[in-house]
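Read the structure below first, then the notes.
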Amino acid sequence: MCYAIPGKVLEAQGNTAIIEYFGEKKKVRNDFFALSVGEYVYAQGGFIIQKISLSEALSILETWKELFFRLQEVDRELVQKETKTLYQKANSVRHKYHGNSCCVHGIIEFSNYCQCDCLYCGIRKSNTSVFRYRMAPEEITRSVEYAVKTLGFKALVLQSGEASWYTLEQLLAIVKEIQEKFPCLIILSIGEREIQVYEKLYQAGCRGVLLRFESSNSSIYEKMRPGHKLAERMDLIKKLKNIGYLIMSGFLIGLPGQTEQDIVEDLKVTDSLGVEMFSFGPFIPHPNTPLAKAPKPRMDVVLNTIAQARIKYPEAKILATTALESLGEKNALRLGLMAGANSLMVNVTPEKYRQFYEIYPQRIGVNEKTEERIPSLLKLLHSLGRAPTDLGL
Ligand code: SAH
């Protein structure tokens with residue numbers, strides 16, 4: 001499976017390298033490997049995450065060769081010359097700045113225990129009707145092995161509710177095993193932990209953090225997340241950025257009390273945090289939360305936000321989220337990708353746990369086997385001329 005194209009090393013010096021794919025050169029960071037010119041590697045999010053043998057690289061490049069240029073052609077044809085609508089304009093900006101590459105990350109939701117009581121969230125601690133699970137460290141690494149070795153993922157988000165049950169030592173052991181045996185870009189999504197925990201995990205090899213600030217309006221934030229302060233969340237995100245992590249962050253669209261102006265501000269704040277990948281999606285009410293009766297936002301509000309983000313912040317990667325797809329309208333993912341989004345995530349949590357990570361009801365992908373979901377996503381991406389790959393910075 002290919003979620004990245006092998007790159008050939010043209011130059012390697014200290015922590016940086018220049019790699020080349022089908023004539024395109026990219027500058028990437030090399031924190032983990034001894035590299036020689038002529039070797040082949042995989043890069044994700046601007047980091048080299050795997051070295052691969054010459055024979056493997058050549059055979060994968062052979063399968064990509066024709067497809068790569070054909071996909072570019074399809075993408076070019078779908079980009080309108082005259083950009084009449086907001087979405088067409090956003091799509092042409094996406095094409096100009098990012099070409100046809102689309103990041104496809106896997107996500108493993110390894111525990112739904114959470115000590116927070118966010119009003120919007122189905123796994124809030126006060127929801128006693130959800131079955132709670134914790135995957136054992138061996139189960140987590142086995143799932144990573146499957147996602148990397150069998151499914152071909154090169155970047156994985158490890159997500160859980162916020163809980164300190166997993167000790168730093170356990171997390172480090174998991175990360176070290178992944179680094180050694182199933183190398184990939186490891187992205188943490190474990191909520192607010194001490195900065196030292198994040199520092200150690202960075203040293204162990206993690207390079208990404210997914211942590212939304214949820215709302216940049218402090219009165220909404222503090223109402224929605226009892227006991228939490230927006231300034232502390234922001235401060236943590238800034239510190240994570242300073243450590244060197246790639247940051248994925250964003251907000252919820254449609255929280256009670258949120259105005260259009262709040263969304264504009266949320267986008268501005270996402271950008272000002274130096275976020276590499278914008279992750280914002282609709283709030284979907286969960287029946288066992290205080291917001292059970294709150295309305296979900298309209299689909300066009302979410303699509304307009306994607307388009308505005310793309311036009312104002314052209315260099316950012318923008319996720320088409322599972323929540324967007326779960327709003328209940330057909331072709332949501334396609335529409336998101338045609339309104340400026342260029343990244344998506346695939347749920348690779350073991351099927352027996354998936355339904356319990358119920359942050360909101362009727363999540364897309366919960367009742368579908370990963371082995372079926374991946375080909376259908378690839379088919380969609382190919383129909384839009386997108387290469388399911390991340391070509392680095
Ligand atoms: N503990 C991690 C992961 C939290 S769950 C952390 O704190 O970052 C991941 C995301 O799900 C949250 O950041 C939130 O934005 C989203 N989420 C929670 N409840 C939701 C709902 N009802 N509708 C849509 N998204 C929701």
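All residue numbers in this chain count up from 1 along the given sequence. We count ligands from 1, going down the list as the structure has it; atoms in each ligand are counted the same way. Computed over heavy atoms, backbone and side chain alike; hydrogens, waters and symmetry mates excluded.
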Query - For ligand 1, the portion of M248 having any non-hydrogen atom under 4.0 Å away - result: neither
Requested in this report: Could you establish whether E214 and ligand 1 come within less than 4.0 Å of each other, counting only heavy atoms on the residue side?
Outcome: yes
Report task. Check whether the side chains of D262 and N217 place a donor and an acceptor atom closer than 3.5 Å, and report yes or no. Result -> yes
Query raised in the report: Is D266 reaching over with its side chain to a backbone N or O of S216, donor-acceptor style, under 3.5 angstrom?
Result: yes
Query raised in the report: Considering only heavy atoms of I359, which atoms of ligand 1 have at least one such atom less than 4.0 Å away?
Result: 11 (O), 18 (C), 19 (N), 20 (C), 21 (C), 22 (N)
Query raised in the report: Does S160 reach ligand 1 with a nitrogen or oxygen that is under 3.5 Å from one of the ligand's nitrogen or oxygen atoms?
Result: yes
**Report entry** Atom indices of ligand 1, in the order listed, that fall short of 4.0 Å to a heavy atom of F283
**Finding:** 22 (N), 23 (N), 24 (C)
Requested in this report: Looking only at protein heavy atoms, identify the closest one to atom 9 (C) of ligand 1 and say how far it is in Å.
Outcome: Q159 NE2, 3.5 Å
Requested in this report: Please check if any side-chain donor atom of R124 sits under 3.5 Å from a side-chain acceptor atom of N127, or the reverse.
Outcome: no
Query raised in the report: Applying a strict 4.0 Å limit to heavy atoms, is P282 in contact with ligand 1?
Result: yes
Query raised in the report: Hey, is Y357 one of the residues with a heavy atom under 4.0 angstrom from ligand 1?
Result: yes
Query raised in the report: Taking the minimum heavy-atom distance to atom 7 (O) of ligand 1, which of S215, G122, S326, G191 ranks first?
Result: G191
Query - Test item, E358 contacting ligand 1 (heavy atom, 4.0 angstrom) - result: no
Requested in this report: Please report the C-alpha distance between F22 and F69 in whole Å, then the side-chain angles of each, then the deciding distance to 0.1 Å, and finally whether the ring-ring contact (aromatic ring centres under 6.0 Å, His included) criterion is met.
Outcome: CA-CA 9 Å; F22 299 121; F69 295 105; 5.6 Å; yes
Query raised in the report: Among side-chain atoms of R212 and S279, is any donor-acceptor pair under 3.5 angstrom?
Result: yes
Report task. Using distance alone, determine whether Y360 and ligand 1 share an N or O pair under 3.5 Å. Result -> no
Query - Pair Y353, N112: side-chain N/O donor-acceptor within cut-off below 3.5 Å - result: no
Query - Under 3.5 Å side-chain donor-acceptor pair for E162 and Y113 - result: no
Query raised in the report: Counting each atom of ligand 1 from 1 as listed, which ones have a heavy atom of E162 under 4.0 Å away?
Result: 1 (N)
Query raised in the report: Is I284 in polar range of ligand 1, meaning some N or O pair under 3.5 Å apart?
Result: yes
Query raised in the report: Judged by non-hydrogen atoms, does G161 sit under 4.0 Å from ligand 1?
Result: yes
Query raised in the report: Do we see a donor-acceptor contact under 3.5 Å between the side chains of E109 and N347?
Result: yes
Report task. Looking only at protein heavy atoms, identify the closest one to atom 19 (N) of ligand 1 and say how far it is in Å. Result -> Y120 CD1, 3.4 Å
Query - Of N342, D75, N100, the residue whose pairing with R94 passes side-chain hydrogen bond (donor to acceptor under 3.5 Å, both in side chains) - result: D75
Report task. Say whether R212, considering both its backbone and side-chain N or O atoms, lies within less than 3.5 Å of an N or O atom on ligand 1. Result -> yes
Query - Worked verdict on E351 versus K369 for salt bridge (Lys or Arg N to Asp or Glu O under 4.0 Å) - result: CA-CA 7 Å; E351 275 145 38; K369 287 201 174 321; 3.3 Å; yes
Query raised in the report: Atoms of ligand 1 less than 4.0 Å from L252 heavy atoms?
Result: 15 (O), 24 (C), 25 (N), 26 (C)
Report summary line: Here the atoms of ligand 1 under 4.0 Å from any heavy atom belonging to L211 are 8 (O)
Query - Backbone N/O of E325 and side chain of R363: donor-acceptor pair under 3.5 Å - result: no
